[in-house]
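We name chains A, B, ... by the order of the sequence lines, and we start the count at 1 in each one. This is a predicted model, so every value here is computed, not measured.
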Number of protein chains: 2
Amino acid sequence: MSKMTNDKNLKSLDEFIDEQYGKRGTKKREIFEEGYEEFKLGFLIRQARLEKGMTQEELAEKVGTNKGYISKVENNIKDVRISTLQKIIKKGFDGELELAIRI
Amino acid sequence: MSKMTNDKNLKSLDEFIDEQYGKRGTKKREIFEEGYEEFKLGFLIRQARLEKGMTQEELAEKVGTNKGYISKVENNIKDVRISTLQKIIKKGFDGELELAIRI
DNA sequence: TTTGAAGTTGCATTATCGGGCAACTTATTT
DNA sequence: AAATAAGTTGCCCGATAATGCAACTTCAAA
């Protein structure tokens with residue numbers, strides 16, 4: 001992740017996370033990271049939507065769902081299926097979902 | 001996708017797909033690609049499992065499910081949830097799921 | 001050929017997703 | 001301050017994932 005520090009009194013996001021949740025490998029950090037992954041997916045969808053200059057209602061219409069559902073996905077209230085994620089990205093953004101397993 | 005052609009009478013996978021299903025952008029190709037994405041996910045999971053030298057039963061035990069379910073996921077009988085995919089990759093392989101949206 | 005390991009498939013049950021809707025809250029515009 | 005736009009949340013219901021199990025098929029070893 002790129003550093004966002006441009007003032008010596010500010011910290012990068014990674015530094016902040018290290019301080020607040022401990023270094024990688026610590027139990028506290030692992031618990032945080034699980035929630036962070038969920039946060040990240042919703043965040044990625046919201047970011048893509050805003051980049052396309054769309055409201056939740058507009059995205060919902062393109063995808064064939066409703067804005068309440070989009071809100072829940074972006075806020076990680078819903079644990080979506082792969083096929084639903086595909087649909088949001090393809091129909092909503094004309095984009096591609098990229099999946100990889102790193103072991 | 002890397003070419004696998006090492007005999008002049010063989011075709012790369014991409015060439016084969018172009019011949020059988022048409023070039024990208026054609027309707028026939030789009031229908032194929034949707035199924036291919038699903039196939040690919042199951043294939044990636046199976047590949048990771050074999051790389052770890054595990055049986056479906058061993059993977060199921062680590063993840064906390066059963067081998068029948070692992071078989072279904074690998075063969076894409078099931079449209080899994082993101083959280084289930086995460087669990088398989090983290091608990092089963094000690095790996096990471098990498099997700100990206102390309103627009 | 002027989003046996004055992006590994007994988008597949010069907011079915012019942014339980015839990016939860018997704019669609020839909022509307023009431024609500026928050027943000028923005030007038 | 002009021003009106004409008006955008007976003008959030010709860011609930012119902014039908015559809016489907018996940019769990020569990022066992023019977024079955026295929027593959028590998030003896």
Side-chain angles (χ1 to χ4, degrees), chain A residues 31 34-101 103, chain B residues 31 34-101 103:
Chain A
I31 291 165
E34 191 165 313
Y36 177 72
E37 286 303 320
E38 288 174 6
F39 161 85
K40 183 178 161 189
L41 174 59
F43 178 82
L44 287 175
I45 291 172
R46 184 186 297 271
Q47 202 171 16
R49 176 174 64 80
L50 295 176
E51 273 183 49
K52 288 282 191 177
M54 298 170 74
T55 67
Q56 287 176 343
E57 186 159 25
E58 286 167 344
L59 174 58
E61 275 171 24
K62 284 194 83 179
V63 170
T65 183
N66 58 81
K67 66 172 184 169
Y69 185 64
I70 294 298
S71 178
K72 286 167 179 168
V73 170
E74 286 187 2
N75 291 298
N76 300 305
I77 297 171
K78 289 286 181 178
D79 184 358
V80 297
R81 300 173 188 163
I82 296 290
S83 65
T84 303
L85 187 57
Q86 286 269 29
K87 190 173 37 156
I88 291 173
I89 295 166
K90 279 187 185 291
K91 287 186 163 186
F93 305 136
D94 287 310
E96 299 290 327
L97 172 65
E98 289 181 350
L99 276 172
I101 299 174
I103 54 176
Chain B
I31 292 167
E34 192 166 310
Y36 176 73
E37 285 301 323
E38 290 174 6
F39 161 85
K40 182 180 161 188
L41 176 60
F43 178 82
L44 288 176
I45 291 172
R46 184 187 297 270
Q47 203 171 18
R49 175 173 63 82
L50 295 176
E51 274 183 46
K52 287 282 191 178
M54 298 171 76
T55 66
Q56 287 177 341
E57 186 160 25
E58 287 167 343
L59 175 57
E61 275 172 24
K62 284 195 84 180
V63 169
T65 183
N66 57 81
K67 66 172 184 167
Y69 187 64
I70 295 297
S71 178
K72 286 166 179 167
V73 170
E74 286 186 3
N75 291 298
N76 297 306
I77 299 167
K78 293 292 181 181
D79 183 359
V80 297
R81 298 177 193 163
I82 296 290
S83 66
T84 301
L85 187 57
Q86 285 270 31
K87 193 177 25 161
I88 291 172
I89 294 166
K90 279 191 182 290
K91 288 186 163 188
F93 305 135
D94 287 311
E96 300 289 326
L97 172 65
E98 290 182 349
L99 275 171
I101 299 173
I103 57 177

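- When the nearest nucleotides of DNA chain C are assigned to B:R49 and B:R81 by heavy-atom distance, the more 5′-ward of the two goes with B:R49.
- The interatomic distance linking A:N76 (CG) with C:dC17 (P) rounds to 12 Å, in whole Å.
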Exercise. Please walk me through it: do B:E58 and B:K52 pass salt bridge (Lys or Arg N to Asp or Glu O under 4.0 Å)?
Worked result: CA-CA 10 Å; B:E58 287 167 343; B:K52 287 282 191 178; over 6 Å; no
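- Put simply, the side chain of B:K72 and the base of C:dG10 share a donor and an acceptor less than 3.5 Å apart.
- As rounded to whole Å, 6 Å separates atom P of C:dT9 from atom CG of B:N75.
- One finds no side-chain N or O of A:T65 lying less than 4.0 angstrom from the OP1 or OP2 phosphate oxygen of C:dG18.
- Distance from the side chain of B:S71 is smallest to C:dG7 among D:dT8, C:dG19, C:dG7.
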For this session: Using the side chain to side chain contact (heavy atoms under 4.5 Å, CB included) rule, take B:K67 and B:T55 through it: C-alpha gap first, then chi angles, then the decisive distance, then the call.
Result: CA-CA 9 Å; B:K67 66 172 184 167; B:T55 66; over 6 Å; no
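- Ranking C:dG7, D:dT19, C:dT9 by closeness to the B:K67 side chain, first place goes to C:dG7.
- Taking atom CG on B:D79 and atom C1' on C:dC17, their separation rounds to 10 Å, with Å as the unit.
- Where B:G68 and B:L85 meet DNA chain D, the nucleotide closest to each residue was compared, and B:L85 sits on the side nearer the 5' end.
- Contacts of A:T55 with the nucleic acid, taken as non-hydrogen atoms under 4.0 Å apart, involve only primed sugar atoms and P, OP1 or OP2.
- If you take CD1 on A:I89 and CG on B:L99, they are separated by 8.0 Å, rounding to the nearest 0.5 Å.
- When the C1' atom of C:dA5 is taken as reference, atom CD of B:E58 falls 11 Å away, rounded to whole Å.
- Atom NZ of B:K87 is separated from atom P of C:dT16 by 11 Å (rounded to the nearest Å).
- Rounded to an integer number of Å, the gap from B:K78 NZ to D:dA17 P is 5 Å.
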For this session: Please lay out, stage by stage, how B:R46 and B:Q56 fare under the test side chain to side chain contact (heavy atoms under 4.5 Å, CB included).
Result: CA-CA 9 Å; B:R46 184 187 297 270; B:Q56 287 177 341; 4.2 Å; yes
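- Rounding to whole angstrom units, CD of residue B:E61 and P of D:dG20 are separated by 12 Å.
- Summarising the geometry, atom CG belonging to B:N75 is positioned 11.5 Å from atom CD1 belonging to B:I70; distances are rounded to the nearest 0.5 Å.
- Here the side chain of A:V80 is nearest to one of C:dG20, D:dA17, C:dG18, namely C:dG18.
- Atoms CD (B:Q56) and P (D:dT26) sit 15 Å apart, rounded to a whole Å.
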